[in-house]
Amino acid sequence: MSFPWAEHYTPKHPAMQWIDEKLPLPRLVYNAVGAGYPVPRNLNYFWNFGVLAGLALVIQIVTGVVMAMHYGANTLVAFSTVEQTMRDVNAGWLMRYAHANGASFFFIVVYLHIFRGLYFGSYKAPREMVWLLGLVIFLLMMATAFMGYVLPWGQMSYWGAKVITGLFGAIPVVGEPIQTWLLGGFAPGNASLNRFFSLHFLLPFVIAAVVILHIWALHIPGSSNPTGVEVKGPQDTVPFHPYYTAKDGFGAGVFLILFAILLFFVPNFLGHPDNYIEANPLSTPAHIVPEWYFWPFYAILRAFTVDFFFVPAKLLGVLAMFASILLLFFLPWLDTSPVRSGNYRPTFKKFFWILVLDVVVLGYCGGAPAEEPYVMISQVAAAYYFAHFLIVLPLISRFEKPLPLPNSITEAVLNRYNIQGEQDALPGMGSDPQPSNAG
Ligand code: HEM
């Protein structure tokens, strides 16, 4: 903890004193999410999504563990045990719908969390490790969601598994043995279902462990904030509790209301109707699509339609799809601007919104049939995606002239509300532009 003015934990109740002496867990909680953790006073609602992602993870684990009690990981019964859970188990329908829609909500919240980081430059020093661990979480989430979708053993489960594991088959020489090894056979079957179930149960706990590291790494420098200017003293922070427990509590309320609307009124809105048909290896669906949260990556995969010399198009697509995520691991070193927040970077801000639009277009094309004009649009959008990170960002970092930064968080807050008197009363608060402040 790098804030010398953080409140120290002094247990009031004798029972708490006793526990804290033997195992300083109350102290840990107090310093992590209690009054002992000073947080910038100007965080906006975009800083709610980390806690909301944690809430989504808890919902997934609780509903998933209950569903596992009624699930049979065998191709002969998997589909019917899921239906049975929906119809015959007390509140089984609720558990299933909450788990399926919970996955979508988890991705919505995490995508907002990632784009918040991209806009406000949260990936920059000294928070690179927070960003890198976040990406590890994201990869684990994708693997978990993919395997979970196979479990109900519907048509999309089966054919999705076939297409995605088939991607590994594109790797020269070792591809096919890898594909067979992953599936435990030549096509998705009982062995695949068993191993996917086992890993789907395990990975959320691995995610939870990486989340702890993610928050640990965050608490070393503390949260960034919408100005991107670092905390300079106690006047720039407020204790996490009660200020941000209240703000996060409000965010959680909105999240739960929206979640309940989806769950109780349109629970199948985000699902695919073909997954209510049991898997049939002899009948290929007309249009195989993954879940919506994979669409941007699926569009990049399908954007490659011609071989490049001796490299087959399919392999190029697979490499580009993995590269589109691996690229993000290098982001802290691709964007070299000393200014963090997009609020003070006029050119960066414009290109940030172009990137958002680009990812939405990729997502739309990934969910559409693999035909024109979607393939051509995917090609242009995929090319822009890579150009954004590899060419545009490094160039902007070099040539952009940032706006003057406030001298401190407090100055930014008080200027916003025109509170001149209070500002004058605070020591060392000039209004000179100081772009180098961001570092
Ligand atoms: C299970 C998924 C995740 C959970 C539970 C989680 C949790 C959190 C929490 C509680 C915070 C502090 C509050 C906030 O800033 O919103 C945070 C901050 C952060 N997270 Fe995550 N996170 C997750 C995934 C990710 C992913 C996928 C990324 C990026 C690839 C990421 C990048 C960051 C960054 C850079 C910060 C620091 C933000 C700042 O202070 O400006 N996180 N995360």
Side-chain angles (χ1 to χ4, degrees), residues 2-3 29 32-34 37-61 64 102-145 203-231 236-237 240-241 243-245 247-252 255 293 297 324-332 335 339-343 359 389 409 438:
S2 51
F3 302 111
V29 173
V33 288
Y37 180 48
V39 186
R41 60 192 279 188
N42 61 337
L43 297 189
N44 60 30
Y45 280 109
F46 283 103
W47 265 258
N48 278 39
F49 292 109
V51 165
L52 293 183
L55 176 62
L57 179 62
V58 171
I59 293 176
Q60 289 311 92
I61 291 180
S104 280
F105 256 64
F106 199 176
F107 274 95
I108 292 173
V109 164
V110 165
Y111 279 132
L112 289 168
H113 189 60
I114 294 177
F115 276 100
R116 181 285 310 263
L118 289 175
Y119 181 81
F120 290 105
S122 302
Y123 48 82
K124 291 186 177 216
R127 295 177 189 81
E128 304 97 316
M129 185 55 83
V130 187
W131 174 255
L132 300 179
L133 288 167
L135 288 173
V136 171
I137 296 173
F138 185 52
L139 289 173
L140 288 169
M141 278 175 66
M142 303 229 273
T144 310
L203 285 188
F205 296 97
V206 177
I207 294 177
V210 186
V211 167
I212 291 172
L213 298 183
H214 183 66
I215 293 170
W216 185 6
L218 175 72
H219 282 208
I220 307 285
S223 280
S224 181
N225 66 85
T227 65
V229 174
E230 289 294 342
V231 164
D236 288 341
T237 63
F240 188 84
H241 179 73
Y243 293 96
Y244 287 109
T245 39
K247 192 159 179 164
D248 284 332
F250 174 75
F255 171 102
Y293 35 80
F297 304 104
S324 66
I325 300 169
L326 296 182
L327 181 69
L328 298 176
F329 280 90
F330 298 94
L331 184 57
D335 177 0
V339 176
R340 281 198 196 90
S341 168
N343 283 349
V359 173
F389 290 105
I409 292 173

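Note that ligands are numbered from 1 as they come in the structure, with each ligand's atoms numbered from 1 the same way.
Here the protein heavy atom with the shortest distance to atom 15 (O) of ligand 1 is Arg116 NH1, 3.0 Å. Among protein heavy atoms, the minimum distance from atom 13 (C) of ligand 1 is reached at Trp47 O, 3.8 Å. Given atom 40 (O) of ligand 1, the protein heavy atom at minimum distance is Ser224 N, 2.8 Å.
The aromatic rings of Tyr293 and Phe107 lie parallel to each other, with less than 30° between the two planes, well short of the 60° mark. The aromatic rings of Phe120 and Phe46 sit tilted, their planes meeting at an angle between 30° and 60°.
Counting heavy atoms from C-beta on, the side chains of Phe389 and Phe330 never come closer than 4.5 Å. When side chains are defined from C-beta on, Ser224 counts as touching Arg340, because their heavy atoms get closer than 4.5 Å. For the pair Ile114/Phe49, no side-chain contact is recorded, criterion being any heavy-atom separation below 4.5 Å from C-beta on. Within the 4.5 Å cutoff, the side chain of Val130 has heavy atoms near those of the His214 side chain.
Near Phe138, meaning under 4.0 Å from any of its heavy atoms, are these atoms of ligand 1: 27 (C). Numbered from 1 in the order shown, with element, the atoms of ligand 1 that lie under 4.0 Å from a heavy atom of Leu135 read 30 (C). Of all atoms in ligand 1, listed by their number and element, those nearer than 4.0 Å to a heavy atom of Gly54 are 5 (C). Near Ser223, with a cut-off below 4.0 Å to any heavy atom, the atoms of ligand 1 are 40 (O). Shown in contact with Val51 at under 4.0 Å from a heavy atom are these atoms of ligand 1, numbered in order with element: 10 (C).
At a 4.0 Å heavy-atom cut-off, ligand 1 does not touch Phe120 at all.
For atom 21 (Fe) of ligand 1, the neighbouring protein N/O/S atoms at less than 2.8 Å, given as residue and atom, are His113 NE2, His214 NE2.
Residues meeting the side chain to side chain donor-acceptor pair (under 3.5 Å) test with Tyr119, sequence neighbours left out: Asn343. Applying the side chain to side chain contact (heavy atoms under 4.5 Å, CB included) criterion to Met129, with sequence neighbours excluded, gives Leu133, Ala217.
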**Message:** Determine whether Ser223 and Phe240 satisfy the following criterion, side chain to side chain contact (heavy atoms under 4.5 Å, CB included), listing intermediate values before the conclusion.
**Reply:** CA-CA 11 Å; Ser223 280; Phe240 188 84; over 6 Å; no

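The option with the heavy atom closest to atom 35 (C) of ligand 1, from among Gly251, Ser122, Pro40, is Ser122.
Sorted by first and then second residue, the salt bridge (Lys or Arg N to Asp or Glu O under 4.0 Å) pairs involving residues 108-124 (not counting sequence neighbours) are Lys124-Asp335.
Closest approach of Gly228 and Ser341 over heavy atoms only: N-CB, 4.0 Å.
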